[in-house]
Amino acid sequence: MRIVKTPAKILAAIRKERRNGKKIGLVPTLGYLHAGHEALIKRASKDSDVVVLSSFVNPLQFRRKAYEAYPRDTERDLAVCKRLRVDYLFLPVSKVIYPDGFDTRVEVKDLAGRLEGASIRWHYKAVTTIVAKLFNMIEPDKAYFGKKDPHQLILIKRMVADLNFPIKIVAVPTRRAKDGVALSSRNSTLTLEERRALGVLPTALKKVEALIKCGRTDRSALRKILVSMLESEKLVTVDFTAVVDEATLLEDRVGRKTLIYAAVFIGGKRLTDNLVVKNP
Ligand code: AMP
């Protein structure tokens, strides 16, 4: 595995691989790798010849305190990448990504403001900006993203189509623990009791999924059921919930699939999860 720290070096190495006929797969991450990230790496290894994992805690997409508190463990990440035979670990520092004078943003306009985006447009603008930069720095054939973050996924697909990036976006199913909880770097910051309480999140999502499969279509009533199930767990404070059309993120649009989404606080930490269900 090669560890590369600058955009010029990674692009030169990847272009050489491509000249040798290799297909390139990119897995963008914030580091602190867990089994959810491993699912992305394994998928990339299956259908790309060369796997590049980028690990960069993007300062633009965090409030300052959250940026500083974000868990980091480069040594452990290195071991994970070696074990899974990642070919290139792209590990840039902030100054290299955002040199003095950096002043451009990539924004997906309407879609970014939907779901819970209205109050955190700046966050999604930062996500699409860094992903666009990574696409230009690495020029992958495919890029792998988790269904764990459905709004991010839909924005990146939109950006790729709108800006004509010649890149296929591959959506990888959410990897879960035995009790159904989606794996996340934040889970490691919970106490045992908080971690137990988090089990209510997948349980409530599954309950709403079952109701939709049985033919229930009243989304605002379904959302209320979701909220009351989540509130039945006393350590949980509900922050945001939605039952919306998966493609447009609108409640009143009925397409092929419905997205059931929830964000909660447990012990001051914000955790999100979602399910997508085909409309019967
Ligand atoms: P992050 O480092 O949290 O930005 O995550 C990097 C990528 O891993 C994103 O595309 C996430 O959607 C994906 N991811 C995070 N958690 C999981 C999970 N439990 N299962 C599958 N993919 C995940």
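Whatever order the structure lists ligands and atoms in, that order sets their numbers, starting from 1. Residue numbers start at 1 and run along the sequence shown. Quantities reported herein were computed from a predicted structural model and do not represent experimental measurements.
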Residues 85-93, side-chain donor-acceptor partners within the protein, below 3.5 Å, at least two apart:
residue	atom	partner	partner atom	Å
D87	OD2	V51	N	2.8
Y88	OH	E17	OE2	2.6

Locate the shortest heavy-atom distance separating L226 from Y261; write the atom from each residue and the value.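 Minimum heavy-atom contact is CD2-O, 3.7 Å.
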
Please give the N or O to N or O pairs under 3.5 Å between ligand 1 and the protein, distances rounded to 0.1 Å.
residue	atom	partner	partner atom	Å
ligand 1	2 (O)	L30	N	2.9
ligand 1	2 (O)	H37	NE2	2.9
ligand 1	5 (O)	H37	NE2	3.3
ligand 1	10 (O)	G146	N	2.8
ligand 1	12 (O)	G146	N	3.2
ligand 1	12 (O)	G146	O	3.3
ligand 1	12 (O)	D149	OD2	2.6
ligand 1	16 (N)	L183	O	3.4
ligand 1	19 (N)	R175	O	3.0
ligand 1	19 (N)	L183	N	3.4
ligand 1	19 (N)	L183	O	2.8
ligand 1	20 (N)	R175	N	2.8

Are R105 and T129 linked by a side-chain donor-acceptor pair shorter than 3.5 Å? no

What residues form a side chain to side chain contact (heavy atoms under 4.5 Å, CB included) with S220, not counting sequence neighbours? D218, E251

Using a strict 4.0 Å threshold on nitrogen-to-oxygen distance, state whether R15 and E139 make a salt bridge.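 Answer for the salt bridge query: yes.
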
Sequence neighbours left out, what passes side chain to side chain donor-acceptor pair (under 3.5 Å) with S45? Give chain and number order.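 In terms of side chain to side chain donor-acceptor pair (under 3.5 Å), with neighbours along the sequence ignored, S45 is linked to no residue.
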
